[in-house]
Novice: 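Quick one: this structure, given as structure tokens, is what I'll be asking you about.
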Amino acid sequence: MLVVQVFVHVLPDQVSAFKAATLDNATNSVLEPGIARFDVLQQADDPTRFTLIEAYLTDSAPAAHKATAHYARWRDTVEPMMASPRTNVKYESLFFPI
């Protein structure tokens, strides 16, 4: 299982709008057959920083996710809200109970 941790730094005046757009994306993402989990975390000591944890069941699931309308809507909506470009780290899951 591929797990992708995405790090996002949002402009302070965009936090509420970012949360709304991201929760819409996450709600739709967990309905995709190739996604096991899609967690949205807001940093406790800096509310402008978020982490998304995406767990994919197959090698093709990330590309399928990026081809969805909800992902495209999220990407285009949140891009101008970011204080810096988002980054990610990919992991191979060793233990991930579903």
Side-chain angles (χ1 to χ4, degrees):
M1 178 182 309
L2 171 67
V3 177
V4 180
Q5 189 172 14
V6 180
F7 303 95
V8 183
H9 185 203
V10 178
L11 296 166
D13 65 337
Q14 297 296 313
V15 168
S16 293
F18 177 82
K19 285 168 55 173
T22 302
L23 292 175
D24 172 66
N25 181 50
T27 300
N28 285 288
S29 295
V30 296
L31 300 176
E32 296 174 44
I35 294 184
R37 287 185 69 141
F38 198 105
D39 298 342
V40 178
L41 308 171
Q42 185 175 23
Q43 190 169 315
D45 64 346
D46 184 349
T48 67
R49 295 190 182 270
F50 295 83
T51 300
L52 311 180
I53 301 174
E54 307 167 10
Y56 295 99
L57 296 169
T58 66
D59 291 339
S60 62
H65 171 63
K66 289 184 177 179
T68 64
H70 60 266
Y71 172 79
R73 180 174 61 244
W74 176 82
R75 180 196 63 217
D76 295 345
T77 299
V78 303
E79 201 259 321
M81 298 176 185
M82 299 199 185
S84 59
R86 66 185 185 275
T87 61
N88 69 69
V89 177
K90 295 177 175 66
Y91 302 90
E92 181 63 32
S93 176
L94 301 180
F95 180 76
F96 198 91
I98 298 174

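Note that these values count all heavy atoms, side chains included, but never hydrogens, waters or copies made by symmetry. Computed from a prediction, not measured in an experiment: that's the story for all the values here.
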Novice: Side chain to side chain donor-acceptor pair (under 3.5 Å) with Ser93: which residues, sequence neighbours excluded?
Specialist: none
Novice: With sequence neighbours left out, what residues match Thr27 under side chain to side chain donor-acceptor pair (under 3.5 Å)?
Specialist: none
Novice: Side chains of Ile35 and Leu57: closer than 4.5 Å at any heavy-atom pair?
Specialist: no
Novice: When rounded to the nearest 0.5 angstrom, what is the spacing between CG in Leu31 and OG1 in Thr68?
Specialist: 10.5 Å
Novice: How would you list, by chain and number, every residue that makes a side chain to side chain donor-acceptor pair (under 3.5 Å) with Arg37, sequence neighbours excluded?
Specialist: Asp39
Novice: For residues 47-70, pull every pair meeting salt bridge (Lys or Arg N to Asp or Glu O under 4.0 Å), keeping only residues two or more places apart or in separate chains.
Specialist: Asp46-Arg49
Novice: Could you list the residues that satisfy salt bridge (charged side-chain N to carboxylate O under 4.0 Å, His left out) with Asp45, not counting sequence neighbours?
Specialist: none
Novice: Show every salt bridge (Lys or Arg N to Asp or Glu O under 4.0 Å) that has at least one partner inside residues 72-85, sequence neighbours left out.
Specialist: Asp24-Arg73
Novice: Could you work out, with side chain to side chain contact (heavy atoms under 4.5 Å, CB included) as the rule, every residue matching Pro62, not counting sequence neighbours?
Specialist: Leu2, Tyr56
Novice: Any pair with a residue in residues 26-36 that passes salt bridge (Lys or Arg N to Asp or Glu O under 4.0 Å), sequence neighbours left out, goes on the list, sorted by first then second residue, please.
Specialist: none
Novice: Just wondering, do Lys19 and Thr22 contact through their side chains at under 4.5 Å, heavy atoms?
Specialist: no
Novice: List in chain and number order the residues that pass ring-ring contact (aromatic ring centres under 6.0 Å, His included) with His65, two or more places apart in sequence or in another chain; answer none if no residue qualifies.
Specialist: Phe38, His70, Tyr71
Novice: Among residues at least two apart in sequence or on other chains, which ones pass salt bridge (charged side-chain N to carboxylate O under 4.0 Å, His left out) with Arg86?
Specialist: none
Novice: Indicate every side-chain donor-acceptor pair of residues 5-16 with a distance under 3.5 Å to a residue at least two apart or in another chain.
Specialist:
from: Gln5; atom 1: OE1; to: Tyr91; atom 2: OH; distance (Å): 3.0
from: His9; atom 1: NE2; to: Thr48; atom 2: OG1; distance (Å): 3.2

